[in-house]
Amino acid sequence: MFLVISMTKITVSIIKCDVGGWPGHSSTHPRLEAVARDRLQKAKGSEKIFDFEATHVGDDLNLILTHQNGPDDEEIHSIAFDVFEGATEEAKRLGLYGAGQDLLSDAFSGNVRGMGPGVAELEFTKRTSEPILAFLMDKTEPGAFNLPIYKMFADPFSTAGLVIDPNLNHGFTFEVWDVKEHTRVFLNTPEDSYKLLALIGAKERFVIKRIFPKDEHKLPSDEPVVAVSTEKLVDVAGEYVGKDDPVALVRAQSGLPAVGEVLEPFSFPHLVSGWMRGSHNGPIMPVSMDDADCTRFDGPPRVVGLGFNLDVDHNLVGPVDHFDDPAFDNARQKAADITDYMRQHGPFEPHRLPLEEMEYTTLPGILDTLEDQWEGVEEDYQKAETVNVGEVE
Ligand code: F6R
Ligand code: MG
Ligand code: MG
């Protein structure tokens, strides 16, 4: 409504990495954030970035940066890489668990993609007021964002503006990645909604990567309004090294979902996969920064929501800790109740993930140890059938 476009294009990047847990995989030691702030302050001092926030959820160190270099920029990624290397050294010194866990290579070659860290970046023409939210998850995978982001941008029962705001009701374009085939497709809402849901309901494989305004929208249709990190550590490492613990950036207001519409989907603690040993389904709990440390059964999976504006010098004005609010108490209580319920299944599906998602755990090894003990059942089965037939006669 009060939108004025200036021509300044800026980039907001979240680059995150698990460089060591304190203790186990539960939390991030404050010294790691201190190392990050120290190095990012230097990068800010030498005007390589406009501003930064260094924070964590669970055992993941998250860097939120503003700059003018666009996504996938070598200078920006090398700043993040330098932070993670410094934090890894500190983690080793403190004896933290899994020091350097996600930093799968120490040879930086222009980009942190494919090296372990997760990345979500948005480059856009800055509006006079630019509300932007960063969602940081731990103990889950990128597909955990499919449901809430679909609701924000395509579900009229969640986002009222899709129905009652003429600036929103032509819908959006979703960029969906097939993380197995390494391909992508663009689908428009509302017209392709059912196809979109058919894909993103399979959240292990199809993930929302970005969302764009359509041509009819007052915002440029080539500037994304959502970005999700989709790095798959499994693909990067070639073997299981932990879930990806994704992050997302979402722009809000004035032709986009309002901040409250962006937050609304998290009032439902939907089931996501990850949690203990990256091998269990459980509810995602929206928490404040004070509760952003994993505890029960290394979880339950958590999400924090940090809100910012960008000032005239492109500094991050914030964060506002959005889930630090009794309005989300019911969601937390529900998540705690679902945690009790799911845990009672112990090693049984659907609490434990199905076999095909367990292939990076010990199960193939267990099957190997039993290799010599398996015997065919076909002969016995035929014999049993013959006996039965005879008995009937
Ligand atoms: C899940 C996670 C933890 C670990 C678990 C076992 O993503 O990081 O649940 O899988 O604590 O960790 P290790 O095998 O390192 O003892
Ligand atoms: Mg860890
Ligand atoms: Mg983690």
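Index from 1, following the sequence. Every number for a ligand or one of its atoms is a count from 1 in the order of the listing. Being a predicted model, the structure only gives us computed values, none of them experimental.
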Is there a nitrogen or oxygen of Asp59 sitting under 3.5 Å from a nitrogen or oxygen of ligand 1?
->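 Min N/O separation from ligand 1 is not below 3.5 Å for Asp59.
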
Would you say Tyr97 contacts ligand 1, with heavy atoms under 4.0 Å as the rule?
->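 In this structure, Tyr97 qualifies as a contact of ligand 1 - some heavy atom is under 4.0 Å.
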
Answer with yes or no whether Gly98 contacts ligand 1, where contact means a heavy atom under 4.0 Å from a ligand atom.
->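 No, Gly98 has no heavy atoms under 4.0 Å from ligand 1.
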
Looking at [X] and [Y], would you say the former's side chain and the latter's main chain have a donor-acceptor pair under 3.5 Å?
| X | Y | result |
| --- | --- | --- |
| Lys139 | His25 | yes |
| Arg37 | Ala54 | yes |
| Arg332 | Pro286 | yes |

Examine all N, O or S atoms of Asp102, backbone included, and report whether one is under 2.8 Å from the Mg ion (ligand 2).
->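 Not a single backbone or side-chain N, O or S atom of Asp102 is under 2.8 Å from the Mg ion (ligand 2).
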
Apex the Mg ion (ligand 2) - arms ND1 from His25 and OD2 from Asp18 - angle rounded to 10° |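 ND1 of His25 and OD2 of Asp18 make an angle of 170° at the Mg ion (ligand 2), to the nearest 10°.
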
Nearest 10° is fine: what angle sits at the Mg ion (ligand 3) between OD2 from Asp245 and OD1 from Asp59?
->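 With the Mg ion (ligand 3) as the vertex, the angle is close to 170°.
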
Minimum-distance atom from the Mg ion (ligand 3) among N, O or S atoms of Asp138 |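 When I compare the N, O and S atoms of Asp138, OD1 is nearest to the Mg ion (ligand 3).
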
Least distance between heavy atoms, Asp178 atom then Lys180 atom |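 Closest approach of Asp178 to Lys180: OD1-N, 2.9 Å.
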
Minimum heavy-atom distance Val19-Thr88, with the two atoms named |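 What the structure gives for the nearest pair is CG1-OG1, 3.4 Å.
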
Enumerated ligand 1 atoms positioned under 4.0 Å from heavy atoms of Met276 |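 Answer for ligand 1: 9 (O).
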
Numbered atoms of ligand 1 (with element) below 4.0 Å of Gly278, judged on heavy atoms |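 It comes down to these atoms of ligand 1: 1 (C).
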
Give a yes or no on this: more than 12 heavy atoms of other residues, nucleotides or ligands lie within 6.0 Å of atom NZ of Lys214.
->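 More than 12 within 6.0 Å, yes.
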
Any N/O/S atom of Asp60 sitting less than 2.8 Å from the Mg ion (ligand 3), backbone or side chain?
->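 Here the distance criterion (N, O or S atom, under 2.8 Å) is met by Asp60, so yes.
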
Side chain to side chain contact (heavy atoms under 4.5 Å, CB included) evaluation trace for Leu103 with Cys17 = CA-CA 7 Å; Leu103 217 51; Cys17 196; 4.0 Å; yes

